[in-house]
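So that the names make sense, note that chain A is the first sequence line, chain B the second, and so on, each numbered from 1.
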Amino acid sequence: MEENLVIVESPAKANTISNFLGKGFTVKSSFGHIRDLSKDNFGIDIKNNYTPVYIIPDDKKKVVAELKKSAGEAATIWLASDEDREGEAIAWHLSEVLKLDPEKTQRIVFHEITKTAIKEAIENPREINRNLVNAQQARRVLDRLVGFELSPLLWKKVRPALSAGRVQSVAVRLIAERENEIDSFESNAFFRISAQFEFLDESGNSHKFQAELPSRLKDREKAHEFLSACRSAGFRVLDVTKKPVKKSPAPPFITSTLQQEASRKLGFSVARTMSVAQRLYESGKITYMRTDSVNLSKSALAAARDVIVEEFGKEYSKTRNFTTRSKGAQEAHEAIRPTYLQNRSVAGNRQEQRLYELIWKRCLASQMSEAQLEKTTARIRISTLPEHLVATGEVIRFDGFLKVYMESTDDEQGEQSSGLLPPMKENDDLNLLKMEASERFNQFPPRYTEASLVKKMEELGIGRPSTYAPTISTIQNRGYVVKENREGVERKYCVCSLVGEDISETIRTEVYGKEKSKLFPTDIGQLVNDFLVEYFSNILDYNFTASIEKEFDKIADGKLEWTRMIDKFYPGFHGQVVETARTSQRPKGERILGADPGSGRQVSVKIGRFGPMAQIGEASEEEKPRFASLLKNQSIKTITLEEALSLFKLPRTIGHFEDQEIVIGIGKFGPYARHAGKFYSLEKSDNPLSISLERAIELIDHKREQDKNKIIRKFEENSGLQILNGKWGPYISLDKKNFRIPKSKKAEELGYGDCLEIIEKAKKAKKKKQ
DNA sequence: CAGTGAGCGAGCTTCCGCTTGACTT
């Protein structure tokens with residue numbers, strides 16, 4: 001009989017700890033929470049003082065059974081879940097579900113997975129903190145009440161299967177409001193002056209450098225005035241100042257910063273980052289990847305120091321302890337770092353290697369010296385004008401942490417780093433080579449990327465390291481938000497230049513507004529957001545989470561009873577829901593675009609039962625209205641009358657191919673081309689209103705080619721049986737029912753009998769399950 | 001599997017945070 005059973009949350013952690021503890025200890029994992037609220041009747045007995053009704057979900061029954069068995073065989077059970085609200089709740093649920101004897105049960109915590117930390121934890125056990133558990137119950141119950149009251153209201157008022165919640169609805173709000181800001185943004189033009197100078201040093205060597213006018217000029221006229229005044233001017237150095245600047249490294253990664261940097265530097269989505277990190281964690285290469293703490297263990301600090309001194313020298317090492325700045329942080333784990341800092345790279349696929357290297361660099365850099373820079377500023381006097389031009393240069397005196405890592409920013413127009421300025425001094429004369437006044441425009445506020453949304457959510461204290469990626473998936477799956485690229489738009493701008501005595505003007509073009517992997521609200525997202533903000537401004541408030549977190553803290557401190565807190569919130573909120581259900585109009589987001597030139601009837605767009613649609617005429621009129629769905633990339637907010645009218649031109653015949661006509665239309669699955677009774681989906685870049693016959697034929701040929709490759713084998717014995725190539729590899733299809741091929745078998749080598757055997761087995765297995 | 005947009009009513013959807021595999025056509 002094993003003497004000790006230790007229960008942690010993650011199986012990978014269980015493995016590591018097991019090695020530290022050795023004989024006499026069995027370490028098992030709970031795989032996170034083992035119980036949750038039932039889905040029936042909120043899982044809360046509201047009338048009975050909000051008593052939670054907990055159940056063990058089906059996929060956790062096996063784990064629980066195993067833990068029960070092990071617990072029964074152990075003399076002492078050590079509950080070693082994380083030291084935060086959720087972890088404490090997990091410990092409590094374990095003690096309840098496993099019916100643990102308090103005499104035999106110990107609660108322990110550790111923040112880092114090292115032998116000393118664990119030994120220390122075992123020597124200092126404590127009891128389960130019921131106040132902390134109650135804070136978690138309050139959190140859980142409140143989220144359930146909000147989510148399960150608001151979502152059905154949306155089913156009733158907007159569309160089935162929608163959802164709303166404390167976290168996701170605020171995330172959607174951020175994106176919707178940013179889009180509104182961009183819509184109402186007015187771009188102003190102005191002019192910027194830049195000049196290229198030549199400086200001749202004492203030996204007569206020529207140095208060229210760039211200087212700028214710090215202020216903007218209002219318009220083209222002012223730009224011309226400025227250049228004219230400079231035509232016959234002399235230029236002289238007014239003064240040169242040098243200033244040392246220090247740059248410090250960023251703290252090591254936590255979940256949110258890892259997601260941001262992997263997005264900027266590697267182009268990973270947040271979900272990709274988390275799944276690659278998970279693999280690195282499971283193979284023991286990095287510490288836990290869902291964390292909000294920037295803390296590093298003592299052993300990691302020592303290892304970092306050793307590696308830095310060895311690789312770069314003593315002067316590059318500077319041990320630092322970072323403090324966590326985000327508010328809601330619970331700090332149950334270390335920062336994300338390599339388990340062995342001496343490993344600069346690891347085995348694995350390309351993505352794993354790149355992410356690991358990023359983590360290694362960031363962690364190491366955090367323990368390195370500041371970079372020392374010298375910033376030089378030269379002011380240049382213009383003999384004919386009171387304004388000064390300014391040239392700046394920056395040189396690195398000591399690179400420090402920059403040797404391994406530089407944090408990126410979300411700014412798309414990065415500052416151009418200027419190098420060293422020429423060795424000029426006060427009153428030196430300069431030759432003007434060229435001066436330009438270039439038209440610029442102020443930028444609309446940036447749209448969110450997945451990663452910058454995570455950053456914003458973290459600032460607001462909304463969501464947790466374990467939920468950032470799933471939340472972002474949810475709001476996309478519900479159709480509130482889409483991640484898209486946008487083509488930029490060409491814009492002309494004016495450049496006036498002064499060379500010698502001549503002032504000339506040219507018009508150039510640039511592309512602006514190009515977007516890559518940005519989050520856009522959909523029509524339904526905007527509609528739902530407007531509705532929720534109107535009727536539930538308290539829940540959608542950006543500070544809602546922060547203010548209830550304060551209450552949870554009071555509960556955790558034993559100063560507030562959790563059911564009292566819920567009772568202060570729920571009756572009012574429930575009344576709000578009932579009242580909104582009774583009084584609010586079904587929101588349609590209708591917009592009237594104008595009149596149909598043909599019939600004079602009203603043309604409008606709105607959200608219908610099946611999504612955004614355009615409509616000619618009104619339901620009240622004698623003649624029935626005509627309807628057409630909007631295209632995927634069109635929106636109720638921005639569609640024009642002309643665009644709406646052209647939707648009614650579908651379906652249309654665009655020509656003939658193989659003696660049959662090709663008809664373009666929009667169906668259940670989007671735009672299609674129909675030919676000889678078969679349908680061919682148009683691609684995203686194809687516009688159904690303007691697609692050419694050639695392109696449509698290309699799509700048909702392509703599809704035919706694909707279908708040819710799809711079939712791996714056919715059988716004479718039965719034409720309904722085929723081996724096909726699918727998204728997840730080969731599979732067997734029998735009369736449109738599909739069956740998996742066991743991994744041990746090769747698809748090409750399967751005979752008719754083999755297929756039937758596989759099908760029979762699959763059918764039997766299915767019966768058994770039921 | 002590609003034409004929908006009236007209204008009714010069955011029965012379904014849904015939250016946030018902890019964790020991983022199982023599994024899809």
**Study point:** Ion pair A:E9/A:R290, N-O distance below 4.0 Å
**Key:** no
Check your understanding: Whole-Å distance between B:dA6 C1' and A:Q615 CD?
Key -> 13 Å
Review point. Counting only side-chain N and O atoms of A:R290, is one of them less than 4.0 Å from OP1 or OP2 of B:dC18?
Key: no
Point to revise | A:F627 ring over B:dT4 six-membered base ring, under 5.5 Å and 30° | key: no
Exercise for review: Send over the distance from A:R674 CZ to B:dC1 C1', rounded to a whole Å.
Suggested key: 14 Å
Exercise for review: Indicate, with a heavy-atom threshold strictly under 4.0 Å, whether A:S10 touches base, sugar-phosphate, or nothing.
Suggested key: sugar-phosphate
Exercise for review: Respond yes when some side-chain nitrogen or oxygen of A:R159 is under 4.0 Å from OP1 or OP2 of B:dT14, and no when none is.
Suggested key: no
Review point. Can you tell me if the side-chain N/O atoms of A:R35 get under 4.0 Å from OP1 or OP2 in B:dT19?
Key: no
Exercise for review: Check A:D84, A:T255, A:D292 against A:R464 for a side-chain hydrogen bond (donor to acceptor under 3.5 Å, both in side chains) and give me the one that passes.
Suggested key: A:D292
Exercise for review: Select base, sugar-phosphate, or nothing to describe what A:G165 touches, counting heavy atoms under 4.0 Å on all strands.
Suggested key: sugar-phosphate
Point to revise | A:S163 side-chain proximity, nearest of B:dT19, B:dG17, B:dC15 | key: B:dC15
Study note, to complete from the structure: Between NZ of A:K156 and P of B:dC8 the distance, given in whole Å, is 12 Å
Practice item. Could you check which of B:dT20, B:dC16, B:dC15 has an atom nearest any side-chain atom of A:R139? Key: B:dC16
Practice item. Using a heavy-atom cut-off of under 4.0 Å over every strand shown, decide if A:F42 touches base, sugar-phosphate, or nothing. Key: nothing
Check your understanding: For B:dG17, does either OP1 or OP2 sit under 4.0 Å from a side-chain N or O belonging to A:S466?
Key -> no
**Study point:** Presence of A:Y680 side-chain N/O under 4.0 Å of B:dA2 phosphate oxygens OP1/OP2
**Key:** no
Review point. So what does A:S681 hit on the nucleic acid, given a heavy-atom distance under 4.0 Å: a base, only sugar-phosphate, or nothing?
Key: base
Check your understanding: Taking C-beta and beyond as the side chain, do A:I44 and A:L37 meet within less than 4.5 Å on heavy atoms?
Key -> yes
Practice item. Looking at every strand, decide which applies to A:G611 at a 4.0 Å heavy-atom threshold: base, sugar-phosphate, or nothing. Key: base
Practice item. Mind checking A:R166 for me? I need base, sugar-phosphate or nothing, with any heavy atom below 4.0 Å counting as a touch. Key: sugar-phosphate
Practice item. For A:Q278, answer base if it contacts any base atom (sugar-phosphate contacts may also be present), sugar-phosphate if it contacts only those atoms, and nothing otherwise; contact means non-hydrogen atoms under 4.0 Å. Key: sugar-phosphate
Review point. Touch check for A:S151, heavy atoms < 4.0 angstrom, all strands: base, sugar-phosphate only, or nothing?
Key: base
Exercise for review: Report which part of the nucleic acid A:G463 touches: base, sugar-phosphate, or nothing (heavy-atom distance under 4.0 Å, all strands).
Suggested key: sugar-phosphate
Review point. Taking CG from A:D40 and C1' from B:dG11, how many angstroms apart are they, rounded to a whole number?
Key: 14 Å
**Study point:** Proximal nucleotide (of B:dC15, B:dC18, B:dT19) relative to the A:Y288 side chain
**Key:** B:dT19
Point to revise | Nearest listed nucleotide, side chain of A:F679, among B:dA2, B:dC18, B:dC15 | key: B:dA2
Practice item. Answer yes or no: does a side-chain N or O of A:R464 lie under 4.0 Å from OP1 or OP2 of B:dC18? Key: yes
Practice item. Return no unless some side-chain N or O of A:Q168 is found under 4.0 Å from OP1 or OP2 of B:dC15. Key: yes
Practice item. Tell me whether the guanidinium CZ or amine NZ of A:R107 lies under 6.0 angstrom from the six-membered ring centre of A:W92 and within 45° of its axis. Key: no
Exercise for review: For A:V167, report the nucleic acid contact type (base, sugar-phosphate, nothing); a contact means any heavy atom under 4.0 Å.
Suggested key: sugar-phosphate
